[in-house]
Participant: 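This is the structure I have questions about; it appears just below.
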Amino acid sequence: MRPLRRVSLRVLLLVCAAVLGGTYVLTRRGVLPERELGSWLDTVGLGALPWTGGGGGQHSSAAAPDRYAADQQRLAAVRRAMAHAWKGYRDHAFGQDELQPLTRSGNVRWGNWSVSLVDALDTLYLMGMRDEYAEAKAHVQKIDFTRSLPGRRVSVFEMTIRALGGLLGAYELDHDPALLAKAVEVGNTLAMAFASPTGLPYSTIDLSRPLDRGGPSSCIAEAGTLQLEFKKLSQLTGNRTYADLAHRAFEAIEAGERPVRGLYPSFIDVNTGRFEHYSGYSVSAYADSFYEYLLKQHILHNLRRPEYGDRYVESVEAVKKYLVGKTPTGLTYLGTRTHHEGALASRMDHLACFYPGLLALGAQVMDRPQDLGLAEALARTCYLSYKHSPTGLGPETFSLYTRSNSNNPRQRRAPPPSMPTPAEEQQQQQQQAKQSLADLGIGVVNPKYILRPETIESLFVLHRITGNPVYREWGWDIFQAIEKYTRVEHGYAAYADIENTSAKDSWEDSMESFFLAETLKYLYLLFAPHDLLPLDKFVLNTEAHPLRIMPS
């Protein structure tokens with residue numbers, strides 16, 4: 001029987017070699033598309049073949065020179081966009097908080113802390129704009145972070161993620177002690193906000209009147225999105241005070257009484273620690289980044305603080321049960337509830353479009369592959385809200401038709417089955433490519449696009465996790481729309497109505513700092529090689545500032 005076994009083994013090896021060789025030829029000649037090959041490999045449980053873009057996409061540049069060249073061209077285009085935006089800021093608002101590109105002026109709406117400049121530091125550095133970076137970094141030394149404009153209250157949350165995060169992110173790349181010294185200055189200033197009975201920070205502080213704490217109500221995004229920055233500051237300085245302040249605030253939120261484990265009402269009283277239950281549940285405005293930092297604290301601590309990972313998993317299960325919905329047209333969305341037992345409101349904010357990226361990151365970090373499908377479905381909904389608008393820009397808020405086709409007079413097709421086959425799903429996507437927002441069952445509620453990053457953020461993370469090139473294509477579609485409709489002579493302008501293709505009628509005199517810190521950075525990272533800010537070495541704060549994962 002031994003000779004028979006040897007012959008069988010040889011035959012098996014020859015067959016495998018023939019299959020692999022034939023697959024290679026078909027793939028290289030375009031007969032068998034790589035995306036379809038990847039789906040087949042997933043189905044049969046095989047890893048990515050060496051010449052495909054699977055396995056996280058790490059081999060895509062080396063294996064596909066044409067794709068690599070396209071990505072390089074797109075990187076250059078995004079860098080030119082950053083150079084244009086920065087020139088507008090430098091020429092007309094340098095040292096002020098934000099550029100107003102239409103009037104060629106600046107504003108100090110954040111208290112005159114040069115917020116756009118600080119927020120853009122690590123973007124300039126990552127894009128290799130070293131002259132611009134050096135000039136901006138030199139200006140940082142002139143900013144007095146202990147003062148703000150008289151009577152102007154400083155947002156603790158915004159200045160934590162933008163100013164403190166921006167300085168820490170630049171320091172993590174540059175290692176200039178002067179940047180860390182300025183980060184300490186910001187941290188010391190913001191620390192006064194934590195002087196509440198519960199340790200929860202007040203939302204705003206008046207630096208000219210330190211004893212004026214403002215109102216007691218705070219949203220959980222404000223109180224629960226400080227931990228990465230303050231803990232990183234403690235690690236870099238050796239001073240535990242900052243980490244202790246942030247940790248106490250986080251635990252005060254966790255200790256609040258609530259009816260559903262894993263879901264948190266959006267508002268809390270900083271003096272009593274009681275949730276304001278009328279405020280409802282969502283992963284959107286007022287709550288979004290709190291859920292984000294559940295996972296990212298676990299990552300920052302190098303996965304050595306399982307209590308954060310456990311709370312993240314608990315929150316995901318609650319979100320799936322109470323906040324995820326699906327429309328008759330097959331779109332998955334994240335809604336809101338005024339009460340956990342109330343009806344799910346089929347309204348989705350652009351802010352919630354960060355959540356697909358969070359799910360994808362959690363799928364990898366927490367070994368939860370079951371979350372990846374939901375992440376991809378949600379990202380698709382967010383992308384379609386851009387793709388099928390007249391301008392290709394996404395709305396600030398949109399609603400979804402959820403009951404029957406009669407709610408949407410332009411929708412005439414029968415709803416797809418709840419579990420479509422791969423062929424049916426592909427056909428559905430092809431049909432959707434030809435439709436308008438209304439045809440898809442999407443209604444525009446707030447038509448503004450204020451240069452937000454959340455959808456692009458999710459596309460970046462999904463591409464890093466899956467290696468699927470479609471996310472780069474979707475990101476490129478969005479970038480082209482941004483270029484076509486929001487680029488103005490002296491920067492980029494927020495857009496008032498995504499359904500109005502007459503750009504001059506829709507420009508608004510605003511370019512928020514997050515356009516420099518997040519939107520353009522995420523676009524750049526989407527097309528960049530994966531060794532630029534690898535996600536196993538860095539965790540990005542909610543303003544896209546890179547913080548190195550702590551060794552312990």
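Residue numbers start at 1 and run along the sequence shown. Just so it is clear, the model here is predicted, and its values are computed rather than measured.
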Participant: Donor-acceptor check, side chain of N468 to backbone of V470, threshold 3.5 angstrom: yes or no?
Facilitator: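 It does hold such a pair.
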Participant: To the nearest 0.5 Å, what is the distance between CG (L190) and CG (L226)?
Facilitator: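 Here the interatomic distance stands at 8.5 Å.
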Participant: Using a 3.5 Å distance criterion without hydrogens, assess whether the side chain of S116 forms a donor-acceptor pair with backbone atoms of D97.
Facilitator: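 Between the backbone of D97 and the side chain of S116 there is a qualifying donor-acceptor contact (under 3.5 Å).
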Participant: Within a strict 4.5 Å, meaning less than it, do heavy atoms of the F250 and F290 side chains meet?
Facilitator: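 They are in contact (side-chain heavy atoms under 4.5 Å apart), so the answer is yes.
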Participant: Check this for me: K320, atom NZ, are more than 12 non-hydrogen atoms of other residues, nucleotides or ligands nearer than 6.0 Å?
Facilitator: yes
Participant: Mind listing the closest non-hydrogen atom pair of P551 and N302 along with its distance?
Facilitator: O-ND2, 3.5 Å
Participant: Under a 4.5 Å cut-off applied to non-hydrogen side-chain atoms, are F230 and Q235 in contact?
Facilitator: no
Participant: Side-chain contact test, heavy atoms from C-beta onward, threshold under 4.5 Å: evaluate it for T198 versus N271 and give yes or no.
Facilitator: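 Not touching, per the 4.5 Å side-chain cut-off.
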Participant: The test is side-chain contact (heavy atoms from CB on, under 4.5 Å); show your working for D349 and E396 and say whether it passes.
Facilitator: CA-CA 6 Å; D349 289 348; E396 180 76 357; over 6 Å; no
Participant: Any Lys/Arg nitrogen of R368 or E317 sitting under 4.0 Å from an Asp/Glu carboxylate oxygen of the other?
Facilitator: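 So R368 pairs with E317 through a salt bridge.
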Participant: If you measure from the Lys or Arg side-chain nitrogens to the Asp or Glu carboxylate oxygens, is any gap between E254 and R261 under 4.0 Å?
Facilitator: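 Looking at R261 together with E254, the answer is yes, because their closest N to O distance falls below 4.0 Å.
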Participant: Would you confirm whether S282, through its side chain, and T336, through its main-chain N or O, come within 3.5 Å as a donor-acceptor pair?
Facilitator: no
Participant: Looking only at heavy atoms, which two atoms of L200 and G273 are closest? And how far apart?
Facilitator: CD1-CA, 4.3 Å
Participant: May I have the step-by-step check of side-chain contact (heavy atoms from CB on, under 4.5 Å) for L263 and R337, ending in yes or no?
Facilitator: CA-CA 11 Å; L263 281 187; R337 287 185 189 269; over 6 Å; no
Participant: Would you mind checking if D206 and R152 are paired as a salt bridge, meaning a charged N to carboxylate O distance below 4.0 Å?
Facilitator: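 Not counted as a salt bridge, because no side-chain N and carboxylate O are separated by less than 4.0 Å.
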Participant: Counting heavy atoms not belonging to R347, are there more than 12 under 6.0 Å from its CZ?
Facilitator: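 Not buried by this count: 12 neighbours or fewer within 6.0 Å.
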Participant: Looking only at the side chains, is there a donor atom on one of N446 and T397 sitting less than 3.5 Å from an acceptor on the other?
Facilitator: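 No, no side-chain donor-acceptor pair sits under 3.5 Å.
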Participant: Determine the interplanar angle of the W113 and F145 rings, folded into 0 to 90°, and report it as parallel if under 30°, tilted if 30 to 60°, perpendicular if over 60°.
Facilitator: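 Perpendicular: the ring planes of W113 and F145 meet at over 60°.
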Participant: What are the two closest heavy atoms between G169 and L547, and how far apart are they?
Facilitator: N-CD2, 4.4 Å
Participant: Distance only, no hydrogens: is a donor on one side chain within 3.5 Å (strictly under) of an acceptor on the other, for D310 and H298?
Facilitator: no
Participant: Would you check if the distance from the ring center of Y308 to the ring center of Y293 is below 6.0 Å?
Facilitator: no
Participant: Counting N and O atoms only, with roles assigned by atom type, does the side chain of T332 sit under 3.5 Å from a partner on the main chain of A377, one being a donor and the other an acceptor?
Facilitator: no
Participant: Ignoring hydrogens and angles, state whether a donor on the side chain of Y242 or N188 is under 3.5 Å from an acceptor on the partner side chain.
Facilitator: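 On atom types as modelled, these side chains qualify, holding a pair under 3.5 Å.
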Participant: From D477 CG over to Y383 OH, what is the distance, rounded to the nearest 0.5 angstrom?
Facilitator: 3.5 Å
Participant: Between NE2 of H463 and CG of L525, what distance do you get to the nearest 0.5 Å?
Facilitator: 12.0 Å
Participant: Main chain of Q227, side chain of H247: is a donor-acceptor contact present, judged purely on distance under 3.5 Å?
Facilitator: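 Side chain of H247 to backbone of Q227: no pair is present.
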Participant: For F538 and I549: C-alpha separation, side-chain torsions, deciding distance, then whether side-chain contact (heavy atoms from CB on, under 4.5 Å) applies.
Facilitator: CA-CA 5 Å; F538 290 89; I549 294 172; 5.7 Å; no
Participant: How long is the span from the CD atom in E499 to the OG1 atom in T391, to the nearest 0.5 Å?
Facilitator: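 If I round to the nearest 0.5 Å, the distance is 8.5 Å.
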Participant: Students often mix this up, so state it plainly: with edges at 30° and 60°, are the rings of Y264 and Y291 parallel, tilted or perpendicular?
Facilitator: perpendicular
Participant: Less than 4.0 angstrom from a charged side-chain N to a carboxylate O is my criterion; do K448 and D497 meet it?
Facilitator: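 Looking at K448 and D497, the cut-off is not met.
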Participant: Could you check if a side-chain atom of E172 sits within less than 4.5 angstrom of a side-chain atom of L236, using non-hydrogen atoms only?
Facilitator: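 The answer is yes; the side chains approach within 4.5 Å.
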Participant: Hey, could you give me the CZ/SG distance between F157 and C219, rounded to the nearest 0.5 Å?
Facilitator: 7.0 Å
Participant: If you look at every heavy atom in L462 and A360, which pair is closest and at what distance?
Facilitator: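 Looks like CD2-CB, 3.6 Å.
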Participant: If you take all heavy atoms of S284 and A352, which pair is closest and at what distance?
Facilitator: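 S284 and A352 have their closest heavy atoms at OG-N, 4.0 Å.
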Participant: Other residues, nucleotides and ligands only: do more than 12 of their heavy atoms fall within 6.0 Å of CD on E257?
Facilitator: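 Counting neighbours around CD of E257, 12 or fewer heavy atoms of other residues, nucleotides or ligands fall under 6.0 Å, so no.
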Participant: Less than 6.0 Å separating the ring centroids of H350 and Y386?
Facilitator: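 Yes - the distance between ring centres of H350 and Y386 falls below the 6.0 Å cut-off.
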Participant: S510 side chain to A494 main-chain N or O, any donor-acceptor pair under 3.5 Å?
Facilitator: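 Pair absent, no side-chain N/O of S510 close to backbone of A494.
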Participant: Within the structure provided, determine whether Q297 and L228 are in side-chain contact (heavy-atom separation under 4.5 Å).
Facilitator: yes
Participant: Provide the closest heavy-atom pair for E518 versus T542 in the form atom of the first, atom of the second, distance.
Facilitator: OE1-O, 3.0 Å
Participant: What orientation do F267 and Y286 show, parallel under 30°, tilted 30 to 60°, or perpendicular over 60°?
Facilitator: tilted
Participant: Whether the side chain of S148 engages the backbone of G111 through a donor-acceptor N/O pair (distance < 3.5 Å, no angle test) should be reported.
Facilitator: no
Participant: Establish, from distance only, whether the side-chain atoms of E229 and T160 form a donor-acceptor pair under 3.5 Å.
Facilitator: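 There is no such pair (donor and acceptor under 3.5 Å, judged by atom type) between the side chains of E229 and T160.
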Participant: What I'd like to find out is whether the side chain of E222 reaches to under 4.5 Å of the side chain of E158, using heavy atoms alone.
Facilitator: no
Participant: Using a cut-off of 6.0 Å, state whether more than 12 heavy atoms not belonging to R274 lie near its atom CZ.
Facilitator: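 Incorrect, the count does not exceed 12.
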Participant: Under 3.5 Å, is there a donor-acceptor pair between the side chain of S385 and the main chain of G394?
Facilitator: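 Flag not set: sc S385 to bb G394 has no pair under 3.5 Å.
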Participant: Whether the side chain of N541 engages the backbone of I161 through a donor-acceptor N/O pair (distance < 3.5 Å, no angle test) should be reported.
Facilitator: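 Indeed, once roles are kept as given, a pair shorter than 3.5 Å links the two residues.
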Participant: Atom CD1 of I498 and atom OG of S389: how far apart are they, to the nearest 0.5 Å?
Facilitator: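 Taking CD1 in I498 and OG in S389, the distance rounds to 4.0 Å.
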Participant: Would you say the side chains of S289 and T225 form a donor-acceptor pair under 3.5 Å?
Facilitator: yes
Participant: Contact between L344 and V324 at the side-chain level, heavy atoms closer than 4.5 Å - yes or no?
Facilitator: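 Counting from C-beta outward, L344 and V324 never come under 4.5 Å.
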Participant: If we only count heavy atoms from C-beta on, is the T204 to V154 side-chain gap below 4.5 Å?
Facilitator: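 Result no, sub-4.5 Å side-chain heavy-atom pair not found.
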Participant: Would you kindly say whether R452 and T519 are connected by a side-chain donor-acceptor distance under 3.5 Å?
Facilitator: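 Judged by distance alone, the side chains do not pair up.
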Participant: Could you check whether any side-chain N or O of S279 sits under 3.5 Å from a backbone N or O of E276, counting only pairs where one atom can act as donor and the other as acceptor?
Facilitator: yes
Participant: Quick one: do the Y312 and E292 side chains pair a donor with an acceptor below 3.5 Å?
Facilitator: no
Participant: So, Y281 versus F275, ring centres under 6.0 angstrom or not?
Facilitator: no
Participant: State plainly whether the residues K521 and E457 are in salt-bridge range, i.e. N to O under 4.0 Å.
Facilitator: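 Answer for the salt bridge query: no.
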Participant: Would you check, one step at a time, whether the test side-chain contact (heavy atoms from CB on, under 4.5 Å) holds for E543 with D119?
Facilitator: CA-CA 8 Å; E543 193 79 1; D119 226 0; 2.7 Å; yes
